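This report refers to the structure that appears directly beneath it.
Below, chain A is the first sequence line, B the second, and so on; all start at residue 1. Every heavy atom of this structure was used, including side-chain atoms; hydrogens, water molecules and symmetry mates were not. Quick caveat, the model's predicted, so the values are computed rather than measured.
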Number of protein chains: 2
Amino acid sequence: MPSKRVEEVQAAGEERSKRHERAQRILDAAANLIQRWGYKKTTIDDIARLAGVAKGTIYLHWKTREDLFTALLLRESMEASVDILERINNDPKGMFLSNLMKHGMYVIMTRPLAKALFIRDVEVLGELVRSGQEDIGLISQQKMIAGKGMLELLRSKGMLRTDQSIAIQMKMYNAIFMGFMTVNQYLPDELQLSLEESTESLAESIRLTLEPDKTVAPQVLQEVKATWDQLVQQMNKLLNERLQREIEV
Amino acid sequence: MPSKRVEEVQAAGEERSKRHERAQRILDAAANLIQRWGYKKTTIDDIARLAGVAKGTIYLHWKTREDLFTALLLRESMEASVDILERINNDPKGMFLSNLMKHGMYVIMTRPLAKALFIRDVEVLGELVRSGQEDIGLISQQKMIAGKGMLELLRSKGMLRTDQSIAIQMKMYNAIFMGFMTVNQYLPDELQLSLEESTESLAESIRLTLEPDKTVAPQVLQEVKATWDQLVQQMNKLLNERLQREIEV
DNA sequence: AGTTGACTATTTAAGTTAAATTGGTCAATA
DNA sequence: TATTGACCAATTTAACTTAAATAGTCAACT
């Protein structure tokens, strides 16, 4: 009886999607509360109440409180990555390192949780700053978006200087990036940068210090994009599997 | 009786210098202890013991504990400034913004207290981070070494780009500077920068993003230095007076 | 005179205990 | 069978007490 089989599969599918939707709702609640009260002070009871489920339900999804928040941070990282990738894809010159960084900064700065994760905000993340470093912390994403492989690709296509070593270049763009991410907190009011100024200035700094002057043929740009897309898709697949596991338990 | 007058003056002079030397000793002790235990946990008793004076003596120099530490931070700022100025003077190309920043970074990074002051290290400075911002915090020094006036001078001599606004340039070098000052704490081991790498990379970044390519005649460099020296001397005089006042009562 | 350190009024830290909260479980329920 | 929320042990917080430490003073001493 194939119809029976189909119905079963459909039912199971519906159920899986309801389950998934509920997990998302719980994570939404957790995201909301962690931004308001910080990790330390957001309790499972609060999350359950805000998500409209019973406390026990949360433990049907994650074994411990920490697991829940780990999943939340992983989801945030993934979503931010998707945003960044999308902005890069919509930018004809998105493949330049300067623009990769610009889009990265824009997205991270406009997502409070991603920002907290990136700058290791203890006020928000509490003890999680420790756990969420290498593993979750947008770092694997950064490696993907502008890792060593990417730099090599850009260099081979004349989109990055070759009179500096790759190692130094990585250190430089990290320093400059973090600089623009965090200066404002050290600057007096009259020198505060708006988000627009920050991202544009960041892009210009990266461009001037790491990219050569020569123009790049649209043809080449296309090639780079193609290669990069493969790279990203590969990584994305791995990360998505990880995400599923993390959220569903 | 002139001889009497002379003796009196000498005696007063000796006394003043002894007094001054004692004040320095007390500040040395405070500097030592604040680095070891942080502001919150270094007590006046400790300082007195380490400086070899009685507690009451300290109150002959400063009205409150906070005044003492304010004087300490001011002294540190001044000494760091002197170091920086000296390095700049010994560098034939010291007048380039990239090198001003390089020397600034080197000195600040090699002086634990100056560094703590600059990056607003709460562990070391405790509540002092608040008080020591605009007023003490190397910021007035920075304004001197690379303030708006300096940038205007450099621009007029072709040593700075003129296709960016001064305001943006100030923001950029601040961001880049802070970036190189603080990246290491966000970077994994394999990307850590040594002090040499940091200062050199900082200089290169600043040079590439803010300085034009064209070479500058030694003649011009000399002119800039002369003008700058005046500017610095003026400021230094003011600051020194301030320092004297701060240390003596 | 300049310097000291015992002294005091406060602040901070440590200790104690009770109450409240929390993460996690599981028998009852829909 | 999937979900719930009363329940529990363990932990955290809060309130309170007590002891120790501290900043600043000042009479006594050099």
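Across the interface with DNA chain D, nearest-nucleotide mapping of G52(A) and K41(A) shows G52(A) to be the residue nearer the 5′ end.
For the pair L60(B) CG and dC26(D) P, the computed distance is 13 Å after rounding to whole Å. The nearest whole Å value for the distance from the CZ atom in R49(A) to the P atom in dT21(C) is 11 Å. Rounded to whole angstrom, the span from the CH2 atom of W37(A) across to the P atom of dT21(C) amounts to 15 Å. Rounded to whole angstrom, the span from the CD1 atom of I47(A) across to the C1' atom of dT21(C) amounts to 15 Å. Atom pair H61(B):NE2 and dT4(C):C1' shows a separation of 13 Å (rounding to whole Å applied).
Taking side-chain N and O atoms only, R22(B) has no distance below 4.0 Å to OP1 or OP2 of dG2(C). OP1 or OP2 of dT4(D) has at least one side-chain nitrogen or oxygen of T57(A) nearer than 4.0 Å.
Partners of V124(B) according to the side-chain contact (heavy atoms from CB on, under 4.5 Å) rule, which considers only residues two or more places apart in sequence or in another chain, are I34(B), A116(B), D121(B). Among residues two or more places apart in sequence or in another chain, the side-chain contact (heavy atoms from CB on, under 4.5 Å) test is passed with Q230(B) by none.
A ring-centre distance under 6.0 Å is not found for Y186(A) and F177(B).
H61(A) NE2 to L27(A) CG: the interatomic distance, rounded to the nearest 0.5 Å, is 9.0 Å.
Contact of the E127(A) side chain with the E66(A) side chain is not registered, since no non-hydrogen atoms from C-beta on lie closer than 4.5 Å.
Using a 4.0 Å cut-off between a side-chain N of Lys or Arg and a carboxylate O of Asp or Glu, D28(B) and R75(B) qualify as a salt bridge.
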- Query: In the 5'-to-3' direction, what one-character label does each nucleotide of nucleotides 23-28 of chain C receive under the scheme B = base within less than 4.0 Å of a protein heavy atom, S = sugar-phosphate only, - = no such atom?
  - Reply: BBB---
